[in-house]
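Read the structure below first, then the notes.
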Amino acid sequence: MPMGNAQPSVRPAQAGRTDGAVASGAARRGGRSRRAGGGSRTERLAPYVLVAPAILIIVLLRLYPLLLGVNFSFTGDGARNGTPVGLDNYLELVDDPLFRTALGNVGLLVLLLPVAVAIPGLLATFIYLRVPGHRVYRSVYFFPAVLSPVIVGAIFNLLLAFDGPLNAALGSVGIGSVDWLGNPDIAMFVVVGVHIWATFGMALVVFLAGFATLDSALLDAARVDGASLFQVIRHVIVPGLSRTIAFVFVTTMVGMLTSMFGLLYVMTSGGPEGSTYLPEYYIWIQQGQMNRPALASAASTALFVIMLVVGLLQVQLLRRAGRED
Amino acid sequence: MPGMRLSRWLLAVPMSLLALATIYPLLFTANVAMKTRRDYILDRFSLTDALRWDNISTAWNSAGMSRYFVNSLLVVALSVVLLLLLGSMAGFALSQLRFRGSSALFLGCLAGLFVPFQVVMVPLARIMADTALIDTYPGLILVYVAQFLPFTVFLMTSYYKMIPSEIIDAARIDGNSVYGVYRRIMLPLGTPALLSVGILNTLFCWNDVLMALVMMPSAEHRTLMVGVTSLRGQYSDDIPTFASGVLIAAIPVLVVYLFLQRQIADGVAAGSTKG
């Protein structure tokens, strides 16, 4: 996982507690033969023993399945189970209107990405500039980020129901009811909006950690020079936080690609008319409901390629941002 | 900036409204959970006239939320303990011990960060079925550990890097084996990071629905979040009971948030700034 330029916010409890051990070690140094560096076989193997469980789990349950899945995507489903079919699954994907919608929605997410980054960025700026009540905002805004997408989705299901409270409230001021989750033209925007509502606190905290490293002298200088808020953002904050901004862009995109399943499952089940499909939902439907694991694997591979592109973009962005620093 | 003071107060207005929009949905749900069905149909917004616990107890008992709650508690607790144990062991070795292949092994762990569950869902379900681990607690626990271990190893490694190596040298001279150093020095010194990472992992596992849905298909193995989704079909015409189920699933997280807000935010920030 990548890296802003901020100071780590968690620091080791400084040596206080181990002073005793250090002192007694030093005292005994003369008397005992030096064992550091470890001569015995068990000692030399120890690092491998410590790393082994973690690496085994990651290789067996993450990296090996990745290869297995890619391999699997070139075989058939059902009657053709296990036989090589070349690119058939990929051709079927391209022809499937549901998968096309899913890809189109990924495009929509990319278009909405600047909004999803700008909202927490601006709010963090205001909090950093000490808007009255700034201490409260941080903890209130962060709060939905700890709720499960299932809970968030369930709550908004209640609020956005056609005969639900939001429409009742709109009706009382003379606006007609909107079918928030039943209209294929707006349902995806509604779900993305709820996702942003639920996660902007995460990005806000990351931004605030970035602000902690910003040179406040620059800001004071800008103030003395009479810079407007917009000028401060444009010329001091954005250049100073370029790495943090790049990081938030990528994590927000990854979050949109991999953590909206709960919302989709609870709020729309991919509907209406398949308009709220995303790759992860498509994969789940094909593997679990349609019994098309090989087709699902092809969709998984496509999702992995998308993630890889995002990842490479991130490296690129961070490198460029690093140069500007 | 002369206009600055005024504009700050002007900004406070939309920011307060947003703060309200952030907490209102949950307050609304809590209020609905206390109402009778009739009250809810008549008026969705009115404050409940009494603190009624019948809906909560219906959701807890008849709808089976108590069972799901225990399932979640069990799976999450064991997953987090394993994550912290394996993550700190690997983090210690990768940050403080010099050995052949350590950087390759570190990269191997990091590679896991770029493979989300959705990408390996199909083969993973197959592996779990072949090893008879599907629809079992150990199976789901393994899947959670595999999902969040790369991040845990990464954070523990960068945390342990900040511990001066003199401390380890001294402990070794003192006669401790590598394992002794891990147990007596690294584990206690790692407490702040373990706490942060542990809370984050607890939230991630507790909040998951996709992995539980795929790995634990049978009804009696449902975790709390899967339980909430099944409640929706069951009580679609009894909104107050449904809202009660949602509330039951949200309350543990709320309590954790109220007491450990600082650590959660620090953990998120650390994830973004380490390395």
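Order of the sequence lines fixes the chain letters, A, B, ..., with proteins taken first and strands second; residue numbering starts at 1 for each chain. None of these values were measured; they are calculated from a predicted model.
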Mind checking salt bridge (Lys or Arg N to Asp or Glu O under 4.0 Å) for A/R138 and listing every partner two or more places apart, or none if nothing turns up?
none
Let's test your reading of the structure: which of B/A125, B/A146, B/G108 forms the most heavy-atom pairs below 4.5 Å with chain A?
B/A146
For A/F261, which atoms come within 4.5 Å of any heavy atom of chain B: side chain, backbone, both, or neither?
side chain
Which portion of A/N157 sits near chain B, non-hydrogen atoms under 4.5 angstrom:
side chain
Counting only heavy atoms closer than 4.5 Å, note whether B/F148 contacts chain A via side chain, backbone, both or neither.
neither
Chain A heavy atoms under 4.5 Å from B/S16: which part of the residue, side chain, backbone, both or neither?
both
Below 4.5 Å from any heavy atom of chain B, which atoms of A/F143 appear? Answer side chain, backbone, both or neither.
both
Can you find a pair of side-chain heavy atoms, one from B/V246 and one from A/L158, that are under 4.5 Å apart?
no
Check A/L147 against B/A250 and note the closest heavy-atom contact, atom names and distance.
CD2-CB, 4.2 Å
Sort B/L97 into side chain, backbone, both or neither according to what part of it lies under 4.5 angstrom from a heavy atom of chain A.
side chain
Portion of A/L50 that has a non-hydrogen atom of chain B nearer than 4.5 angstrom
both
With only heavy atoms counted, which part of B/F106 is less than 4.5 Å from chain A, the side chain, the backbone, both or neither?
neither
B/V214 versus A/Q287, closest heavy-atom pair with distance:
CG1-NE2, 4.0 Å
Under 4.5 Å from any heavy atom of chain A, what part of B/Q96 do you find: side chain, backbone, both or neither?
neither
Side chain, backbone, both or neither: which part of A/L123 has a non-hydrogen atom closer than 4.5 Å to chain B?
both
Proximity breakdown for A/V152 and chain B, heavy-atom pairs closer than 4.5 Å
neither
Could you tell me which portion of A/L61 (side chain, backbone, both or neither) has an atom closer than 4.5 angstrom to a non-hydrogen atom of chain B?
both
So what's closer than 4.5 Å to chain B heavy atoms on A/F304: side chain, backbone, both or neither?
both
Heavy-atom proximity to chain A below 4.5 Å, by part of B/L105:
both
Is the backbone N or O of B/D208 less than 3.5 Å from a side-chain atom of A/S148, with the two atoms forming a donor-acceptor pair by type?
no
Which region of A/F207, side chain (C-beta onward) or backbone (N, CA, C, O), has a non-hydrogen atom less than 4.5 Å from a non-hydrogen atom of chain B, or is it both or neither?
neither
Would you mind checking which part of B/L213 comes under 4.5 Å of any heavy atom in chain A, side chain (CB onward), backbone (N, CA, C, O), both or neither?
side chain
Using atom types as modelled and distance alone, determine if a side-chain donor or acceptor of A/Y141 lies under 3.5 Å from a backbone N or O of B/L18.
no
Mutual orientation of the aromatic rings belonging to A/F142 and B/Y257 [parallel < 30°, tilted 30-60°, perpendicular > 60°]
tilted
Contact class of B/F92 relative to chain A, heavy atoms under 4.5 angstrom
side chain
Given a strict heavy-atom distance threshold of 4.5 Å, which part of B/L85 is in contact with chain A: side chain, backbone, both, or neither?
neither
Would the distance check show the side chain of A/R62 and the main-chain N or O of B/V115 forming a donor-acceptor pair, the cut-off being under 3.5 Å?
yes
What part of B/V153 gets within 4.5 angstrom of chain A, counting heavy atoms only: side chain, backbone, both, or neither?
side chain
The interface call for A/W284 against chain B, heavy-atom contacts under 4.5 Å, is both
So, the part of A/M307 with a heavy atom under 4.5 Å from chain B: the answer is side chain
A/T301 portion near chain B, given a 4.5 angstrom heavy-atom threshold
neither
